[in-house]
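Structure record follows, encoded as structure tokens.
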Amino acid sequence: ILMVLVSGLVLAQGHATEFVQVVACPRPSADMYCYWAKPVLGPAAQRVAYTDASTNAPHYEYSPQVVMRSRDGSQRLSITVDGQGRHHSPAWSTDGRWLALIVQKPASPQSSLWVVDFVSLLATHSTANAELLVESNNLLQVSWSVDGQQLAYEEQGRGIWIISSSGGAATQVVADGRSPSWGPDGSLVFERNDDLWLRTASGDVLRRTQTAFNELNPAWSPDGDWIAYTSDEAGTWDIWVISAYGGSRVRVTSDQPRVVAPSWSADGEALTFMTLDGPDTIWLATQLPDWTTRIEQRGWGQVKQLYR
């Protein structure tokens, strides 16, 4: 039996993706160390939010905060809710109106998930209207559903949970998974045992990759067709893109050292990511390759292997 499979990612001949440095460590002295994490793009890719855990001498205290910075560097805003605590893991809603983040209590595993009205924040520089959604222990990565009605988040050691953006009870949807990212049809992509997995809207769990390499930090494109992720397949950590439901994969970065944490712009036209060798640096990839399809003939046994 032969099946025709529409899949793949084919790079246009001679295409050159453009890489722009968005945030670089100033390193005014050897006593300052920049440590950033999880950059996410805001509306029209004009702003980036990220976790800033930079430290300074003499104590080098670890106290991460969520920072919003304009792409041109003209605006920088530290976003703080609920008094003291370690702020991390920002996530922008698709329409750019809301910014979710996690706050961990000092010297405690207790953490909370908050939603900030970003439009109000820009106007008032205040998070007084921030809403608390859930409190638990060791909350991690957050992702908005495309319609803005739900958020998925990771709870360390307890899998992936979803909660309404207006609050209420959270529901566990994956018992063993990390780094969720929401697709347009209600599916989730996540990492498990260094591979990528999908949880469909109906609750089925499918294995998306099964390789000898590490595939981490998945990010579903806004149109639902592609998944960006971090992989060491080429011998170095790079950003790759793979078709969401089958097919080959394409390496997006190759010259930057230790590239991690991809995130799409709301229109799918740009990716942001970090490089970790030396001072942490946040980059923006624009003029992305023309992700096109190709037709492949495969036996049914080969097709089944894609989802094992």
Side-chain angles (χ1 to χ4, degrees), residues 20-26 34 36-54 63-106 111-135 139-153 162-168 181-182 184 219 222 261 263-274 282-284 286:
V20 179
Q21 192 178 88
V22 180
V23 184
C25 180
C34 294
W36 298 327
K38 190 59 178 174
V40 290
L41 285 169
Q46 294 305 305
R47 295 183 176 93
V48 61
Y50 57 97
T51 304
D52 184 344
S54 301
S63 183
Q65 59 182 319
V66 169
V67 170
M68 186 284 298
R69 184 186 178 103
S70 60
R71 180 173 166 181
D72 62 7
S74 63
Q75 185 180 38
R76 185 185 186 278
L77 183 63
S78 179
I79 304 171
T80 304
V81 300
D82 194 32
Q84 293 185 342
R86 297 176 173 180
H87 293 56
H88 62 89
S89 303
W92 241 304
S93 61
T94 304
D95 62 5
R97 174 65 187 267
W98 306 96
L99 188 71
L101 56 89
I102 293 171
V103 181
Q104 185 168 346
K105 297 291 186 182
S111 52
S112 50
L113 173 59
W114 293 77
V115 172
V116 176
D117 184 331
F118 186 69
V119 175
S120 174
L121 174 67
L122 284 181
T124 66
H125 287 199
S126 170
T127 58
N129 295 326
E131 298 179 21
L132 172 64
L133 293 188
V134 64
E135 290 183 294
L139 301 182
L140 298 172
Q141 309 292 355
V142 185
S143 175
W144 285 86
S145 62
V146 174
D147 62 8
Q149 298 301 304
Q150 298 183 95
L151 295 99
Y153 63 89
I162 60 173
I163 189 170
S164 168
S165 58
S166 59
S181 178
W182 226 308
S263 175
W264 297 88
S265 61
D267 60 7
E269 297 296 320
L271 278 167
T272 186
F273 57 87
M274 289 179 50
I282 297 174
W283 295 79
L284 183 69
T286 59

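Atoms considered below: every heavy atom in the structure, side chains included; atoms not considered: hydrogens, waters and symmetry mates.
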Which residues pass the side chain to side chain donor-acceptor pair (under 3.5 Å) test with Asn129, not counting sequence neighbours?
none

Can you list everything that forms a side chain to side chain donor-acceptor pair (under 3.5 Å) with Ser120? Sequence neighbours excluded, please.
none

For Thr272 and Trp283, work out which heavy atoms get closest and say how close.
OG1-O, 2.8 Å

Could you tell me which non-hydrogen atom of Ala219 sits nearest to which non-hydrogen atom of Ser263, and how far apart they are?
CB-CA, 4.4 Å

By side-chain contact (heavy atoms from CB on, under 4.5 Å), Ala261 pairs with (sequence neighbours left out) Pro39

Strictly by side-chain hydrogen bond (donor to acceptor under 3.5 Å, both in side chains), give each pair with a member in residues 139-152 just once, sequence neighbours left out.
Ser145-Asp147

Donor-acceptor pair, distance only, cut-off 3.5 Å: does the side chain of Ser93 make one with the backbone of Gly148?
no

When every non-hydrogen atom of Ala100 is compared with those of Leu113, the smallest separation belongs to CB-CD1, 4.3 Å

Who pairs with Leu122 by side-chain contact (heavy atoms from CB on, under 4.5 Å), at least two apart in sequence or on another chain?
Arg47, Met68, Gln75, Phe118

Gln65: what forms a side chain to side chain donor-acceptor pair (under 3.5 Å) with it, not counting sequence neighbours?
Ser78

Would Arg76 and Asp52 pass as an ion pair if we require N to O under 4.0 Å?
yes

Taking salt bridge (charged side-chain N to carboxylate O under 4.0 Å, His left out) as the cut-off, I'd like each qualifying pair that reaches into residues 88-105, sequence neighbours left out, listed once.
Asp82-Lys105, Arg97-Asp117

Determine yes or no for a side-chain-to-main-chain donor-acceptor pair under 3.5 angstrom, with Trp182 supplying the side chain and Ala152 the backbone.
no

If the condition is side chain to side chain donor-acceptor pair (under 3.5 Å), which residues does Trp98 pass it with, not counting sequence neighbours?
none

Non-hydrogen atoms of Leu133 and Gly167 that approach each other most closely
CD2-N, 3.7 Å

Taking atom CZ of Phe273 and atom CD1 of Ile282, what is their separation to the nearest 0.5 Å?
11.0 Å

Under a 4.5 Å cut-off applied to non-hydrogen side-chain atoms, are Ile79 and Leu101 in contact?
yes

side-chain contact (heavy atoms from CB on, under 4.5 Å) filter on Ala45, not counting sequence neighbours, yields Leu41, Arg71, Ser265

Just do the side chain to side chain contact (heavy atoms under 4.5 Å, CB included) check on Leu139 and Val134 with the steps written out, would you?
CA-CA 10 Å; Leu139 301 182; Val134 64; 4.2 Å; yes

Worked verdict on His125 versus Leu77 for side chain to side chain contact (heavy atoms under 4.5 Å, CB included):
CA-CA 8 Å; His125 287 199; Leu77 183 63; 4.1 Å; yes

Looking at every heavy atom in both Ser164 and Ser166, which two are closest together, and how far apart are they?
OG-OG, 2.8 Å

Under the side-chain contact (heavy atoms from CB on, under 4.5 Å) test, residues paired with Thr94 that sit two or more places apart
Val146

Taking Thr127 for the side chain and Thr80 for the main chain, is one N or O donor matched with an acceptor at less than 3.5 Å?
yes

Working to the nearest 0.5 Å, report the span between OG of Ser111 and NE2 of His87.
12.0 Å

Which pair of non-hydrogen atoms, one from Ser89 and one from Lys38, has the smallest distance, and what is that distance?
CA-CG, 4.4 Å

